[in-house]
Amino acid sequence: MDYLNTLTKMASCECMDAYVAALRSAPLSLLVLGGLGTVVVLKYAMDLAKLVFNLTLRGGVNIKKFGAGTGAWAVITGASDGIGKEFALQLAQAKYNVVLSARTESKLNTLASEISSKYNVETKVVPFDYSHATSADYEKLGAELAPLKVTILVNNVGTNHEFPVSFVEENPAVIESIVNVNIKSVMAVTRLVAPKMVAQQQGLILNVGSFAGLMPQPLLSVYSASKAYLLTWSQAVGRELAPHKVHVQCLSTYFVVSAMSKIRKSSWTIPTAHEYVRAALRRLGNPGGASTPYTSSPYSAHAIMNWVIDRVGSPSFWVNKAYATQASIRKRALAKKAREAGKKDN
Ligand SMILES: NC(=O)c1ccc[n+]([C@@H]2O[C@H](COP(=O)([O-])OP(=O)(O)OC[C@H]3O[C@@H](n4cnc5c(N)ncnc54)[C@H](OP(=O)(O)O)[C@@H]3O)[C@@H](O)[C@H]2O)c1
């Protein structure tokens with residue numbers, strides 16, 4: 001009752017009258033600005049709530065739904081090390097037979113033995129160099145895969161510039177290799193397995209992308225552009241294949257401990273490959289912090305960073321920041337090279 005009385009008094013008090021009068025006399029532009037501000041704040045609040053939901057209550061599609069334990073196969077490119085090796089181990093643990101492909105046959109054989117003894121699934125080792133593969137090589141790969149019921153493809157293989165370097169100074173062979181490994185392999189292997197996934201109305205295609213595709217990286221321009229290609233292509237082909245129950249997802253990835261990243265110690269923002277893949281498989285179909293369709297930033301710390309990059313700062317801010325970071329990495333890499341060359345001379 002007291003509350004009602006206070007409200008009535010407030011409504012009749014002079015300050016309220018003054019407030020209403022001020023509102024009435026405010027220029028229309030001010031009211032429109034206030035309204036727009038409210039809409040923007042509400043949008044950010046809803047986006048933030050979505051991120052929190054994605055990383056807490058929302059799970060993912062069960063990885064077993066693609067025929068686990070029924071003789072279905074997962075193909076993993078770049079499976080001998082790092083993220084690809086972890087995908088092979090964790091998909092085998094989920095009861096998929098696995099096709100392991102990379103250059104180093106001995107590493108693939110060791111991994112295949114570990115997988116068959118630990119998880120009792122079938123393995124197939126396919127040594128393959130994606131940097132020099134010809135159409136005939138891909139035809140042979142297709143013949144190897146033809147008898148298998150492939151329901152999962154992990155387009156993981158990737159290669160990067162040795163260290164930051166300007167496009168005009170980069171070795172043409174490196175440029176060609178990055179394009180072949182990061183783009184051509186994805187197109188070619190997907191064309192080998194996706195038609196069958198469409199026919200069987202079941203499939204999962206995971207493309208291992210990078211924050212370098214989200215934020216252009218000067219001095220790593222070809223790598224960065226190859227990952228941007230993957231990000232756009234995944235969205236387009238994801239939409240095409242969705243009606244056929246083939247799920248496509250580009251994994252928007254920040255640093256992970258691996259040979260490629262040259263990072264050996266994990267931290268809150270840099271998971272081990274094991275932690276990263278566990279998050280990716282637990283959050284299938286869950287965008288995490290990514291805002292583009294058919295994309296996921298599944299590891300929580302990466303998701304938060306992805307969310308911020310998409311909303312804070314302008315593209316020119318991020319490209320300038322990336323340039324400064326890569327230029328400083330280049331300087332340190334050149335100094336290290338010079339020190340090593342000095343040691344050799346002595
Ligand atoms: N680690 C990160 O911080 C990070 C961040 C963002 C995105 N990514 C992406 O994650 C993916 C995996 O990277 P990673 O860090 O796990 O790398 P990694 O530990 O260096 O492993 C790369 C794998 O690819 C294979 N490979 C490399 N070149 C190949 C070629 N020409 N032909 C066939 N296989 C080849 C390697 O085996 P062989 O040497 O035996 O061929 C190895 O199995 C890449 O697409 C990368 O761009 C990584």
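Counting starts at 1 for both ligands and their atoms, following the listed order.
Looking only at protein heavy atoms, the nearest one to atom 31 (N) of ligand 1 is Asp129 OD1, 3.0 Å. Closest protein heavy atom to atom 45 (O) of ligand 1: Asn156 O, 2.7 Å. Looking at atom 8 (N) of ligand 1, its nearest protein heavy atom turns out to be Tyr223 OH, 3.9 Å. Looking from atom 43 (O) of ligand 1 to the surrounding protein, the closest heavy atom is Ser80 OG, 2.7 Å.
The main-chain N or O of Met187 is never found under 3.5 Å from a side-chain atom of Thr190 such that the two would form a donor-acceptor pair. The closest donor-acceptor contact from the side chain of Asn180 to the backbone of His132 lies at 3.5 Å or more, if one exists at all. Distance alone, capped at 3.5 Å, places no donor-acceptor pair between the Trp307 side chain and the Ser291 backbone.
Looking only at side-chain heavy atoms (C-beta outward), Pro298 and His302 stay at 4.5 Å or farther from each other.
At a heavy-atom cutoff of 4.0 Å, ligand 1 is contacted by the side chain of Lys227 but not by its backbone. Residue-level proximity to ligand 1 for Ala212 is absent, since no heavy atom of it falls below 4.0 angstrom. Heavy atoms of Thr159 found under 4.0 angstrom from ligand 1: none, in either backbone or side chain.
Around atom 13 (O) of ligand 1, the closest heavy atom drawn from Met260, Lys107, His132 belongs to Met260. Compare Asn182, Val157, Thr253, Ile76 by their heavy atoms: the one nearest to atom 6 (C) of ligand 1 is in Thr253. Of all the listed residues (Ser210, Ser258, Gly78), Gly78 holds the heavy atom that lies closest to atom 23 (C) of ligand 1. Nearest to atom 7 (C) of ligand 1 by heavy atom, out of Ala133, Gly209, Ser226, is Gly209.
Using cut-offs of 30° and 60° for the angle between ring planes, the Phe66 and His247 rings count as perpendicular.
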Could you pull out all donor-acceptor pairs under 3.5 Å where a side-chain atom in residues 233-241 meets a protein atom, sequence neighbours excluded?
residue: Ser234; atom: OG; partner: Asn207; partner atom: ND2; Å: 3.0
residue: Ser234; atom: OG; partner: Leu230; partner atom: O; Å: 2.6
residue: Gln235; atom: NE2; partner: Leu231; partner atom: O; Å: 3.1

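Under the side chain to side chain contact (heavy atoms under 4.5 Å, CB included) criterion, Ala225 pairs with no residue, sequence neighbours left out.
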